[in-house]
Protein chains: 2
Amino acid sequence: MTQATRRERDRAATDREIRQQARSLLVDDGPAAVTLRAIARELGITAPALYRYYSSREDLIEHLRADVCADLAAELAGGLSALAETDHVGQVLTVCRGFRRWALAHPQEFTLVFASPSPPGVHCPVSAQEQVRDSFGRIFLTVAGRVLANGLPITRPDHDVPEVLVADLTHFRDELLLTITESGVDLGADQLGVGTAYVMLQFWVRLYGQVALEVFGQFPFPVSDAEPLFESMLTDLVRDVGL
Amino acid sequence: MTQATRRERDRAATDREIRQQARSLLVDDGPAAVTLRAIARELGITAPALYRYYSSREDLIEHLRADVCADLAAELAGGLSALAETDHVGQVLTVCRGFRRWALAHPQEFTLVFASPSPPGVHCPVSAQEQVRDSFGRIFLTVAGRVLANGLPITRPDHDVPEVLVADLTHFRDELLLTITESGVDLGADQLGVGTAYVMLQFWVRLYGQVALEVFGQFPFPVSDAEPLFESMLTDLVRDVGL
DNA sequence: GTGCTCTTGTGAACGCCGTTAACTACACCG
DNA sequence: CGGTGTAGTTAACGGCGTTCACAAGAGCAC
């Protein structure tokens, strides 16, 4: 298959070790502990050697983000496989709960990926910002595609969408269609209008808001148990989008 | 008034300078740039001197958070004064827009105050976590109080609230009542039920989610202009809570 | 096999950081 | 005046990202 020289295999292996160590430092001690020197120390090499693999600490962190995101996607996909193909609402609930569970279990990673100020100018290197969210977004959107393919109507009519948003939302809709058909589900444009894209956006806003508030402890009052709160929000959310 | 010795006045002045410098470093170069050495450098003193005022860098950051929060509250209150006393919905809109504007203009401060993992054990020192959000929460809740006092019904009936949430929400409701009556508005418990508190919580979730997503650039698609998106969300939000 | 090149690593160094400790200068108080 | 406490100093420790010059060795052409 991959006819790689020994050098290339060695390099790839070392790279894996680096990211693995970085990851475990992140999980155990937070983003501030992801230190070139610490990583090198754990690997039994010296810090400057890492520069053979990443151009800077920030570069390494960027790749770490991608890893984290991919793992989240895998975890969500895993939880999904236990459900019946036809249980679309259940799949939506499972993905949402999985996202929350992951965020609470890995607040450091959550902060790194979903709550770090986006570098302003960075939009050209498609790999980073775009690809990262693809690996997570894809699973999310695939579930959405299944729901839509089942003919379950998402409530908001297209004409309710403010005109200024139509252009952006149309792009979003097209991307959704692409992702969904790629995953093997057949879906016509009539089933996925701009209004639907708008509702999905709102869905994401509320889910993200709830999870982020919980992770950051920014509810306006002390919450004794956040899980029922989340479940209640999720129930409302599913109802509001008409599932 | 405040009969302070010269020493005390000097100390207070230096403290103000420290926080001011810390603040401008935060604004200009982000949280990572808020460095004891950098602050001291700008003030023409040496770094260890700062330990006469704060026990550690983290301690200073904590007070910085409070400052930031107080300024946000002041800014929101300022924007409010231009409106007619009776325009309650307008006040709500103004506060929401002000919050977004502030968050976008000060992403570093926003991150520091609203999107930093809450230190797990820290709940005893009421001054920090609690007082901080008070200074901001008060303005938010005062507006809510005015709306409620005007007899505008918030839609959710109490009996729709899941039972497990009632206890927490009741505490929230009581705190709301206290804050509101403190600000001079007379309000009976019949106008502020648990259902109302629940709706206000949802309001906060959606507002926070939208703003945080915008600040962190985590919308699921490229947004050419986020302001109409925010306005649209705000319209929906105000409609959904029945204003 | 010999020699060349390119890759991967090392060690030393620079300048930053938070923090501690010992010490100085000086304002305040009796 | 002398004593006390405060606000500042300097020096130092260990850790950080990063750069640079250099060594060891794999891979390859001849």
Side-chain angles (χ1 to χ4, degrees), chain A residues 2-26 28-65 108 112 116-117 119 122 128, chain B residues 2-65 108 112 116-117 119 122:
Chain A
T2 56
Q3 191 53 276
T5 83
R6 176 187 161 163
R7 272 248 267 262
E8 279 165 335
R9 276 186 290 105
D10 278 5
R11 185 181 174 82
T14 307
D15 186 27
R16 260 194 307 278
E17 283 189 78
I18 292 172
R19 284 147 90 145
Q20 186 178 316
Q21 267 306 328
R23 186 66 176 279
S24 89
L25 284 167
L26 173 63
D28 294 346
D29 307 318
V34 182
T35 286
L36 295 187
R37 287 185 137 104
I39 296 168
R41 215 178 298 129
E42 299 289 327
L43 261 59
I45 60 177
T46 59
L50 295 174
Y51 283 81
R52 300 291 175 192
Y53 298 84
Y54 300 93
S55 67
S56 69
R57 181 190 123 104
E58 199 48 46
D59 184 30
L60 194 160
I61 297 274
E62 199 78 6
H63 285 80
L64 193 56
R65 265 194 261 261
Q108 312 290 359
L112 185 64
S116 297
V122 184
Chain B
T2 57
Q3 190 53 277
T5 84
R6 175 188 162 163
R7 272 248 269 261
E8 280 165 334
R9 274 185 291 104
D10 277 6
R11 185 181 172 82
T14 307
D15 186 28
R16 260 193 306 279
E17 282 187 80
I18 292 172
R19 284 148 90 143
Q20 186 177 315
Q21 267 304 328
R23 185 66 174 279
S24 89
L25 284 169
L26 173 63
V27 171
D28 294 346
D29 307 317
V34 182
T35 286
L36 295 186
R37 286 186 138 103
I39 296 168
R41 216 179 297 130
E42 299 288 326
L43 262 58
I45 61 177
T46 59
L50 295 175
Y51 283 81
R52 301 289 175 191
Y53 298 85
Y54 300 93
S55 67
S56 69
R57 181 191 124 105
E58 200 46 47
D59 184 30
L60 194 159
I61 298 274
E62 199 77 5
H63 284 81
L64 193 56
R65 264 193 260 261
Q108 313 289 1
L112 185 64
S116 297
V122 184

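So that the names make sense, note that chain A is the first sequence line, chain B the second, and so on, each numbered from 1. Heavy-atom basis, side chains included; hydrogens, waters and symmetry copies ignored.
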Tell me the closest heavy-atom pair linking B:Ile18 and B:Tyr54, and the distance in Å. CG2-CE1, 4.0 Å
Smallest heavy-atom separation, B:Leu60 atom then B:Ala22 atom, equals CD2-CB, 3.9 Å
Between the side chains of A:Arg19 and A:Asp15, is the shortest nitrogen-to-carboxylate-oxygen separation below 4.0 Å, so that they form an ion pair? yes
From OG (A:Ser55) to CG (A:Leu50), nearest 0.5 Å: 12.0 Å
Between P of C:dC17 and CG of B:Leu60, the distance in whole Å: 14 Å
Please state whether the phosphate of D:dA7, meaning OP1 or OP2, lies under 4.0 angstrom from any side-chain nitrogen or oxygen of B:Arg11. yes
Assuming nearest nucleotide by heavy-atom distance, tell me which of A:Ala47 and B:Pro48 is located more 5' along DNA chain D. B:Pro48
Once you round it to whole Å, what is the distance between P of C:dT8 and OH of A:Tyr54? 13 Å
Does anything in residues 41-61 of chain A form a salt bridge (Lys or Arg N to Asp or Glu O under 4.0 Å)? List the pairs, not counting sequence neighbours. A:Glu58-A:Arg65
OG1 (B:Thr14) and CZ (B:Arg9) are apart, to the nearest 0.5 Å, by 12.0 Å
What is the distance, to the nearest angstrom, from the OH atom on A:Tyr51 to the P atom on D:dG17? 7 Å
Of all residues at least two apart in sequence or in a different chain, which pass the side chain to side chain contact (heavy atoms under 4.5 Å, CB included) check with A:Ala12? A:Arg16
Atom CD1 of B:Ile18 and atom P of C:dG18 are separated, to the nearest Å, by 13 Å
How does each nucleotide of nucleotides 23-30 of chain C score, in 5' to 3' order, for protein heavy atoms under 4.0 Å: base (B), sugar-phosphate only (S), or none (-)? ----BS--
Give a yes/no on whether any side-chain N or O of A:Thr46 is located under 4.0 angstrom from OP1 or OP2 of C:dT10. yes
For A:Tyr53, which contact category applies under a 4.0 Å heavy-atom criterion: base, sugar-phosphate, or nothing? sugar-phosphate
Proximity to DNA chain D (any heavy atom under 4.0 Å), residues of residues 23-45 of chain B only: B:Arg37, B:Ile45
Would you mind reading off the bend of the helix from C:dG1-D:dC30 to C:dG30-D:dC1 from its two end axes, five pairs each, to 10 degrees? 10°
What's the spacing between B:Leu43 CG and B:Gln20 CD if we round to 0.5 Å? 8.5 Å
When the side chains of residues 23-39 of chain B are checked against the rest of the protein, which donor-acceptor pairs come out under 3.5 Å, sequence neighbours left out?
unit_1  : atom_1 : unit_2   : atom_2 : d
B:Arg23 : NE     : B:Glu109 : OE2    : 3.4
B:Arg23 : NH1    : B:Asp71  : OD2    : 3.1
B:Arg23 : NH2    : B:Asp71  : OD2    : 3.2
B:Ser24 : OG     : B:Gln21  : O      : 3.3

Nearest-Å distance for atom pair CZ/P, residues A:Arg57 and D:dG15: 17 Å
To the nearest angstrom, the CG-P distance between B:Leu50 and C:dT20 comes to 13 Å
